[in-house]
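What follows is a short report on a single structure.
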Amino acid sequence: MGDLPIVRFEEKIVETVEQNPVVVVIGETGSGKSTQLPQILYRRGYAQSGIIAVTQPRRVAAVSVSRRVAQEQNVQIGEEVGYAIRFEDRTSEKTRIKYLTDGVLLRESLFNPELNQYSVIILDEAHERSLNTDILLGLMKRLIKWRHSNLKVLITSATLDGGKVSRFFSDCPVLTVPGELFPVEIVHISERPKNYVEASLKKAIDIHVREPEGDILIFLTGQDDIEKLVLKLEEKVQSLEEGSCMDALILPLHGSLPPEMQANPSECTGDFIYKLSVLLKVRVFSPPPPNCRRFIVSTNIAETSLTVDGVVYVIDPGYVKQRQYNPATGMYSLEVVQISKCKVALPVGKSSFLRMKRYFWGKSFPLVLRWSSSSKVDDFAVNTIFTPYGFSHRTLFGYLIDYFVLSAGKAAAGRAGRTRPGKCYRLYPSMVYRDDFLDATVPEIQRSSLAGTVLYLKSLDLADMDILKFDFLDSPSIESLEDALKQLYLVDAIDENGSITSIGRKMAELPLEPSLSRTLLEANELDCLSQALTVVSMLSAETTLLPAPGKRSEKKRKHTPPDLPDGFGLGDHIQLLQIYEQWYQTDYSIDWCKENNLQVRGMVFVRSVRKQLSQIMQKFSKGYSFWLWLIRCPNKQKRRDGQQEYRNLRKALCIGYANQLAERMIRHNGYRPLGFKSELVQVHPSSVLKSDEDGMLPNYVVYHELIVTSRPFMRNVCAVDMRWAAPILVKLEKLNVFKLSGGTSERDKQIQEVTSTMEKKEIAAIQSPEDRDSRIQAARERFLARKSQK
DNA sequence: GAGCACTGC
């Protein structure tokens, strides 16, 4: 490994780390920072007083980079070098270098805030600015004050603005390690096209007709555009004169494609992942037939882990879909935005390539070179495709480029080792790139709902903790933090002064969003924990679970629904429960999943989540339940009398989703989400929620998510009883965000007193049986009136 | 009566 650029900087690095508690290392692509930095510190004795931790934003990265380091150190994984990701801890007492996802480190920090077991913490890939990395940056800043003498923190990334991070850490030093890149020719077009699907089509055909062999990779924003382009490409290729150019193979690649293979869940262990990867030479992974060019039309699915062998040409329209949260309305939307400068093409580093070559040579892998976003290709291309439950589609926002041809077939053809610069066609002018593109993507922390994050920080009990003033590298907006406080208050995680409650503490221990953890705790009280565990686990995997949307031509077939339960019309949560229960009845049968068009990988994931949550809930359960029993008996009730059976579960959901309650309009089936800026929303058409004989939906529902597509929709909806909703309405009425955020004033105290007397009367009124509904209605109207005044 | 990029605990 002596040839790696970073090794030449060893003395400088060690010297700087020795003299400073925090160091920023900007390792350009190809520098080998993720693998070499911890090994350098290990060699220099930094692991003697503790473990060297290296965080990664993704599971695959943690696994693969650690495997490689273990190999370089010539040890078995799990010995001196190990990794820890959710569901899998491959470390032992011997472990000195530990790779872990940043989420895992956050959880460890929950139970051991000083992270005493670590002598060095390396936050790798910080430029990706994942929510978890950003929280860790803030925590490290505090931690370094407590543990000044015995902790070193390194922040490494490819393109992160070093000056900014350095200022954040009181002007800590910034080291820049150069990398070595493969040559790539970048071509900008002179004018931005109006229709980028058409422009991509034109460019792709152009390449196909004029350029020598080599696959083409085209990045589009979503499934719709991909399907469109695939159809058009097929048409166009057909119309080309026979024999005028090589054959074409057109392959779509996006997240809703069914997995190419389905795994036996009982075998899903770490090593199983390895076996899976061997089988992965399918679809885009298999080499093309001779004299054939592949067109891979992809979302940014493989940015970091999926790699494609043989790509020489990349077409980059410069757009991506991004999920955004609006704290005023509580709604998510997916918006097409321009990519940022740090997301455009950079070739894979040479050093990584050489390592990969050594690693893979002689094994039955397609060797792949990734040419990626600034994000890291270099560190990762090796593992590529391993992921626990089959292969995960990921985004290739960077680019995959293959300069060397290494598969056996191609080697036999005598072309091995030939190099050729890749070409990247950017469908935007260089001026647009220079002047218009943001330097970096808006960090996730400024685009997400922060309820979970705020609860996490509150539960750490940091001294002088004022959540509105927590020191983030980039602060989220006040609105977003206030929204989080409001949500936490509604689910009883914090009290009216903003202090964490005992419920809130338990919630923070569950790896779930607050509504779901609150649901579990309430279900425990209402004796329906087993059912709630199932629902919550199903929701955790929901997007990978449902049948993949069929192609346009298959649309009709989709209208005959598979033989799945309908939740008694009470809502999607109940349906999810019933689906899992049926699966359980079949003894977790794979065939059953396939018959019912459910993604096996998703169901297996649900099972793991459920097991993990059961173990955590065991701590809080009321004593009668053993977690084994929870795991094995998802279907507790023997009685099967329909609606009544799920009453407690729905009540628990209502209390858990107190921040996501919606009320139906009087005359139609539109709903108004309560507690947010008033907007009319619809139940998503995919819901199994049923209307009554008059065609009306339930008066109150809780929803899992508000998502704006063509219109605002509630996805995953559950009918709740008006009586359960009433206390929430009352709580909404006395909501005082100013107090929640820690502020107090005389005026607020007065308001507080008035509202709390009101509340007592209100509750008394609601609890008296006579005239209940009209009183609830009155409270509801007052609430709405008040809200419209605002 | 619609259609959703990707991670993570």
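Just so it is clear: chains get the letters A, B, ... in the order the sequence lines come, proteins before strands, and each one is counted from 1.
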Task: Worked check of side chain to side chain donor-acceptor pair (under 3.5 Å) between Gln117(A) and Asn112(A) - done: CA-CA 9 Å; Gln117(A) 67 272 41; Asn112(A) 177 5; 2.7 Å; yes
- [ ] Measure from the side chain of Thr101(A), starting at C-beta and using heavy atoms only, and say which of dG8(B), dA2(B), dA5(B) lies closest.
- [x] dG8(B)
Task: Any Leu131(A) side-chain heavy atom under 4.5 Å of Leu450(A) side chain - done: yes
Task: Spacing of Lys690(A) atom NZ relative to dG1(B) atom P, expressed in whole Å - done: 17 Å
Task: Out of dC9(B), dA5(B), dA2(B), whichever nucleotide has its closest atom nearest the side chain of Gln223(A) - done: dA5(B)
TODO: In whole angstrom, give the distance that lies between atom CG of Leu689(A) and atom C1' of dG1(B).
DONE: 14 Å
Open item on the list: Is Ser710(A) close enough to dG3(B) that one of its side-chain N or O atoms is under 4.0 Å from OP1 or OP2 there?
Closed with: yes
- [ ] Return the nearest nucleotide to the side chain of Leu334(A); candidates are dA5(B), dG1(B), dC9(B).
- [x] dA5(B)
Task: Rounded interatomic separation in angstrom, taking CD from Glu444(A) and C1' from dC9(B) - done: 13 Å
TODO: Classify the nucleic acid contact of Tyr332(A) as base, sugar-phosphate or nothing, counting any heavy atom under 4.0 Å across all strands shown.
DONE: nothing
- [ ] May I have the distance from Asn132(A) (atom CG) to dC6(B) (atom C1'), rounded to whole angstrom?
- [x] 14 Å
- [ ] Measure from CD1 on Ile707(A) to C1' on dA2(B) and round the result to the nearest Å.
- [x] 12 Å
TODO: When you get a sec, tell me which of dG3(B), dG8(B), dA5(B) is the closest nucleotide to the side chain of Thr709(A)?
DONE: dG3(B)
TODO: Calculate the interatomic distance between Glu335(A) atom CD and dA5(B) atom P; express it in whole Å.
DONE: 14 Å
TODO: Could you check if a side-chain atom of Leu576(A) sits within less than 4.5 angstrom of a side-chain atom of Thr534(A), using non-hydrogen atoms only?
DONE: no
Open item on the list: Using heavy-atom distances to pick each residue's nearest nucleotide on DNA chain B, tell me which of Gln612(A) and Arg711(A) is more 5'.
Closed with: Arg711(A)
TODO: Check side-chain hydrogen bond (donor to acceptor under 3.5 Å, both in side chains) between Ser480(A) and all other residues, then give those that pass, not counting sequence neighbours.
DONE: none
- [ ] Starting at atom CG of Leu220(A), determine the distance to atom P of dG3(B), rounded to an integer number of angstrom.
- [x] 19 Å
Task: Residues Asp124(A), Tyr99(A); criterion side chain to side chain donor-acceptor pair (under 3.5 Å); working and verdict - done: CA-CA 10 Å; Asp124(A) 200 10; Tyr99(A) 285 85; over 6 Å; no
- [ ] Quickly work out the Leu105(A) CG to dC9(B) P distance and round it to whole Å.
- [x] 12 Å
TODO: Kindly point out which of dC4(B), dC9(B), dA5(B) is positioned nearest to the side chain of Arg323(A)?
DONE: dA5(B)
Open item on the list: By nearest atom, which of the nucleotides dC6(B), dC4(B), dT7(B) is closest to the Arg58(A) side chain?
Closed with: dT7(B)
Open item on the list: So, OP1 or OP2 of dC9(B): does either fall under 4.0 Å of a side-chain N or O from Ser540(A)?
Closed with: no
